[in-house]
Amino acid sequence: MIGQVLAAVIGTVAFSVLYSVPREYYPYCGFIGGGGWLVYCLLIPHASAPEATFIAAILVVLLSRICAVWERCPVTIFLISGIFPLVPGGGVYWTAYYIVTAQMDLAAKTGFMALKVAVAVVLGIVIVFQIPQSAFKMKRR
């Protein structure tokens, strides 16, 4: 699991570079992406993939909003790269693969799971953004 979390941190920072995030925010982005993936890994033995993704997405968005207030910058700097490890890219790939190879039962199964995971990510984002901005205000020393 440590290797997976480390890979999530590196992948998140790599996407931060790709999206031209300022260098001083790389550690925050890596921490947020790695933290989300750690929560996902800890929950996946006890919950379904959409449930684990939903809770991990909530953490990613909460940390993104906290870091945005802390650093006085837009939340999208942290959110876009931080949510990257939770996106169901593998599920979409396997769905397309099964469609091309005419395995429609597997395509439907993996496609529906990828859709549920994607909806879980969106719901996690929407729910946390319903919290008023004033709840994230904190004094920086």
Side-chain angles (χ1 to χ4, degrees), residues 1-140:
M1 182 167 47
I2 294 170
Q4 288 185 23
V5 173
L6 185 60
V9 169
I10 293 169
T12 302
V13 172
F15 263 80
S16 300
V17 172
L18 183 67
Y19 292 134
S20 301
V21 170
R23 286 179 185 237
E24 64 264 20
Y25 302 137
Y26 291 169
Y28 295 109
C29 293
F31 171 74
I32 291 168
W37 189 253
L38 177 65
V39 167
Y40 175 82
C41 287
L42 292 173
L43 291 176
I44 203 65
H46 310 290
S48 68
E51 292 168 342
T53 303
F54 174 71
I55 293 171
I58 286 175
L59 176 74
V60 166
V61 182
L62 279 171
L63 290 174
S64 296
R65 289 193 71 185
I66 289 167
C67 289
V69 169
W70 184 260
E71 290 296 322
R72 296 185 183 120
C73 62
V75 71
T76 53
I77 288 177
F78 306 109
L79 180 60
I80 298 299
S81 57
I83 208 78
F84 161 72
L86 301 176
V87 173
V92 173
Y93 169 82
W94 284 110
T95 301
Y97 174 79
Y98 292 139
I99 289 171
V100 169
T101 58
Q103 300 177 50
M104 295 305 166
D105 289 342
L106 287 172
K109 182 179 174 184
T110 56
F112 189 60
M113 181 58 72
L115 180 64
K116 289 193 292 188
V117 169
V119 168
V121 169
V122 170
L123 287 176
I125 292 170
V126 168
I127 286 172
V128 176
F129 269 99
Q130 296 304 310
I131 300 170
Q133 182 69 15
S134 60
F136 295 95
K137 298 287 183 195
M138 52 186 124
K139 301 261 183 202
R140 187 170 181 187

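These numbers were taken from a predicted model, which means no experiment stands behind them. Reckoned from all heavy atoms, side chains included, excluding hydrogens, waters and symmetry mates.
More than 12 non-hydrogen atoms from other residues, nucleotides or ligands lie less than 6.0 angstrom from OH of Tyr98. Enclosure of atom CZ in Phe112 is not indicated, since only 12 or fewer non-hydrogen atoms of other residues, nucleotides or ligands lie within 6.0 angstrom. Around the CD1 atom of Ile2, the shell of radius 6.0 Å holds no more than 12 heavy atoms that belong to other residues, nucleotides or ligands.
Within the model, atoms OG of Ser16 and OH of Tyr28 stand 13.5 Å from one another, a figure rounded to the nearest 0.5 Å. With values rounded to the nearest 0.5 angstrom, Ile125 atom CD1 is found 4.5 Å from Ile83 atom CD1. Atoms CD1 and CG, on Ile10 and Leu6 in that order, are 4.0 Å from each other to the nearest 0.5 Å. Between atom CG of residue Leu38 and atom CG of residue Leu43 there is a gap of 9.0 Å, rounded to the nearest 0.5 Å. To the nearest 0.5 Å, atom CD1 of residue Ile99 and atom CG of residue Leu106 are 11.5 Å apart. Distance OG/Ser64 to CZ/Phe129: 7.5 Å, rounded to 0.5 Å.
Put simply, the side chain of Leu42 reaches to within 4.5 Å of the side chain of Met1, judged on heavy atoms. Contact check for Val119 versus Leu123: side-chain heavy atoms found under the 4.5 Å cut-off. With contacts defined as side-chain heavy-atom distances shorter than 4.5 Å, the pair Ile55/Val39 qualifies. In this structure, Ile131 and Leu62 have side chains that are in contact, with non-hydrogen atoms separated by less than 4.5 Å.
Annotation for Pro50 and Ala120: closest pair O-CB, 3.3 Å, computed over non-hydrogen atoms. Shortest non-hydrogen contact noted between Val13 and Tyr26 is CG2-O, 3.7 Å. Leu86 and Tyr40 make their closest contact through CD2-CB, 4.1 Å (heavy atoms, listed as atom of the first residue, atom of the second, distance). Closest heavy-atom contact between Cys29 and Ile77: SG-O, 3.7 Å. Closest approach of Ala8 and Trp37 over heavy atoms only: CB-CB, 3.6 Å. Between Phe78 and Cys73, the shortest heavy-atom contact is CE1-SG, 3.3 Å.
A donor-acceptor contact shorter than 3.5 Å links the side chain of Thr95 to the backbone of Gly111.
Checking each of Leu79, Ile66, Val126 against Val61 for a side chain to side chain contact (heavy atoms under 4.5 Å, CB included) leaves exactly one that passes, namely Leu79.
Taking the six-membered ring where the residue is Trp, Tyr97 and Tyr93 present parallel rings, their angle staying beneath 30° rather than reaching 60°.
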